[in-house]
Structure formats: C-alpha cells, structure tokens
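Beneath this line is the structure, given in structure tokens, with notes to follow.
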Amino acid sequence: QVQLVESGGGLVQPGGSLRLSCAASGRTSATYNMGWFRQAPGKEREFVGAIPWSGVIAFYADSVKGRFTISKDNAKRTVYLQMNSLNYEDTAVYYCAADKDPYRRSRLANAYDYWGQGTQVTVSS
C-alpha cells in the first residue's frame, strides 16, 4: 500500500505563487509515475501534470504549461508542484496520485492507483 499526503495549499491572490508538496510513504516504488490532478466545484477531476520517479522530464496539461512546474526529491520521496501566475481558474482541490505503470504516462485519473486526500488552493483577491 502507498500513502500520499499533500500539503501547501491555501489562499493566494491572482498572479501569486504556491508550492504544493506530496509526501509518499509505504510500499512506494522507484518506477511509479507521479501525477497531479485538480478538481473544481461542479467539475470533473482534471489532469495537471506528472513525472516519473525514475525520470526528470515532466509533462503538463496545456492549461498550466509554462506556469506550473513539477519536481521531486527522491531521497525525501516527495513530489512538488510549483504554481506561478495563478488565476481564478486555478482554484480547486489539488490531488497527488501514483500510477504503478511508469510507461503509461497517462493523463486519465482512472489510470492512477493511489491518491492523496487533496489540498485546497483558492485564488482570490
């Protein structure tokens, strides 16, 4: 079993920045693909980006490309989501997820096997 715990959410003004963290514990594997998703009220869960534990190249949704950056610290088993130039449309609960198949590189929520509890990000003036 894998446990994922997100942190770092909060209230930020438009144009501001936040960094989310996702700490993994349990039977984690260096081959997992680690993803970030978000869900706004009344909307479906949306892919934000992902990075393989074993790699360094992340891939992103078009809506966040150039503004969000995913990184990781393998020693700490932590994945980060740096969010810059935030706007109102970025308001959502953000989730960290792990896919046991590192080659799938999926953008679909149902491809991911483990999920964190989510952390709220609110962009408001």
Side-chain angles (χ1 to χ4, degrees):
Q1 192 71 351
V2 174
Q3 292 80 42
L4 303 173
V5 179
E6 302 97 334
S7 61
L11 175 65
V12 63
Q13 293 186 340
S17 298
L18 276 177
R19 189 178 81 156
L20 306 183
S21 299
C22 171
S25 61
R27 299 183 66 179
T28 57
S29 169
T31 63
Y32 286 3
N33 192 43
M34 302 299 298
W36 285 97
F37 289 78
R38 65 185 182 185
Q39 188 166 19
K43 294 187 177 182
E44 293 187 355
R45 195 163 294 190
E46 174 190 24
F47 175 78
V48 174
I51 189 169
W53 271 122
S54 60
V56 296
I57 298 176
F59 56 104
Y60 302 92
D62 288 343
S63 58
V64 306
K65 198 174 296 182
R67 299 188 299 124
F68 291 10
T69 302
I70 296 174
S71 62
K72 57 185 174 66
D73 185 329
N74 286 18
K76 296 181 178 179
R77 295 200 292 180
T78 300
V79 179
Y80 304 98
L81 178 64
Q82 176 68 43
M83 304 184 294
N84 299 327
S85 302
L86 286 162
N87 56 55
Y88 297 115
E89 290 71 33
D90 295 316
T91 295
V93 177
Y94 283 70
Y95 298 90
C96 174
D99 179 2
K100 292 187 288 187
D101 185 344
Y103 301 105
R104 185 158 44 196
R105 294 172 67 83
S106 178
R107 298 168 182 255
L108 300 177
N110 59 15
Y112 287 75
D113 302 286
Y114 304 103
W115 291 85
Q117 83 289 350
T119 184
Q120 176 71 47
V121 172
T122 302
V123 183
S124 176
S125 56

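Hydrogens, waters and symmetry mates play no part in the numbers below; they use all other heavy atoms, side chains included.
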Report task. Look up atom CD in Q3 and atom CD in Q117, then write down how far apart they are to the nearest 0.5 Å. Result ->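 Result: 11.5 Å between the selected atoms.
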
Query - From L11 atom CG to S125 atom OG, the distance as rounded to the nearest 0.5 Å - result: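 L11 CG to S125 OG: 9.5 Å, rounded to 0.5 Å.
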
**Report entry** No-hydrogen, no-angle side-chain donor-acceptor test under 3.5 Å, T122 and Q120
**Finding:**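 Judged by distance alone, the side chains do pair up.
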
Query raised in the report: Between the side chains of T78 and D73, does any donor sit under 3.5 Å from an acceptor?
Result: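 Distance-only check fails for T78 and D73.
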
Are [Y] and [X] co-members of a hydrophobic cluster defined by side-chain heavy atoms under 4.5 Å apart?
{"X": "Y80", "Y": "Y112", "value": "no"}
{"X": "F59", "Y": "Y95", "value": "yes"}
{"X": "M83", "Y": "V12", "value": "yes"}
{"X": "L20", "Y": "V64", "value": "yes"}
{"X": "V2", "Y": "L81", "value": "yes"}

Of all heavy-atom pairs between [X] and [Y], which one has the smallest distance, and what is that distance?
{"X": "K65", "Y": "D62", "result": "NZ-OD1, 3.2 Å"}
{"X": "S25", "Y": "R77", "result": "CA-NH2, 3.9 Å"}
{"X": "T91", "Y": "A40", "result": "O-CB, 3.6 Å"}

So do the side chains of [X] and [Y] get within less than 4.5 Å of each other, counting heavy atoms only?
{"X": "I51", "Y": "W36", "answer": "no"}
{"X": "D99", "Y": "Y114", "answer": "no"}
{"X": "N84", "Y": "F68", "answer": "no"}
{"X": "Q82", "Y": "S17", "answer": "yes"}
{"X": "D101", "Y": "Y32", "answer": "no"}
{"X": "V121", "Y": "L18", "answer": "yes"}
{"X": "V79", "Y": "S71", "answer": "no"}

Report task. Would you check, one step at a time, whether the test side chain to side chain contact (heavy atoms under 4.5 Å, CB included) holds for N33 with Y103? Result -> CA-CA 8 Å; N33 192 43; Y103 301 105; over 6 Å; no

Query raised in the report: Any donor-acceptor pair under 3.5 Å linking the side chain of R67 with the backbone of S63?
Result: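 The answer is yes, because a donor-acceptor pair under 3.5 Å joins these two groups.
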
Requested in this report: Kindly say whether G118 contributes a backbone atom to a donor-acceptor pair with the side chain of E6 at under 3.5 angstrom?
Outcome: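 Yes.
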
Requested in this report: Quick one: which residue pairs count as a disulfide bond (SG atoms under 2.5 Å apart) with a foot in residues 69-125, not counting sequence neighbours?
Outcome: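 Output for this query lists C22-C96.
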
Check residues 41-50 and write down every donor-acceptor pair under 3.5 Å in which the side-chain atom is one partner and the other belongs to a residue at least two apart or another chain.
| unit_1 | atom_1 | unit_2 | atom_2 | d |
| --- | --- | --- | --- | --- |
| R45 | NE | Q39 | OE1 | 3.3 |
| R45 | NH2 | Q39 | OE1 | 3.3 |
| E46 | OE1 | R38 | NE | 2.8 |

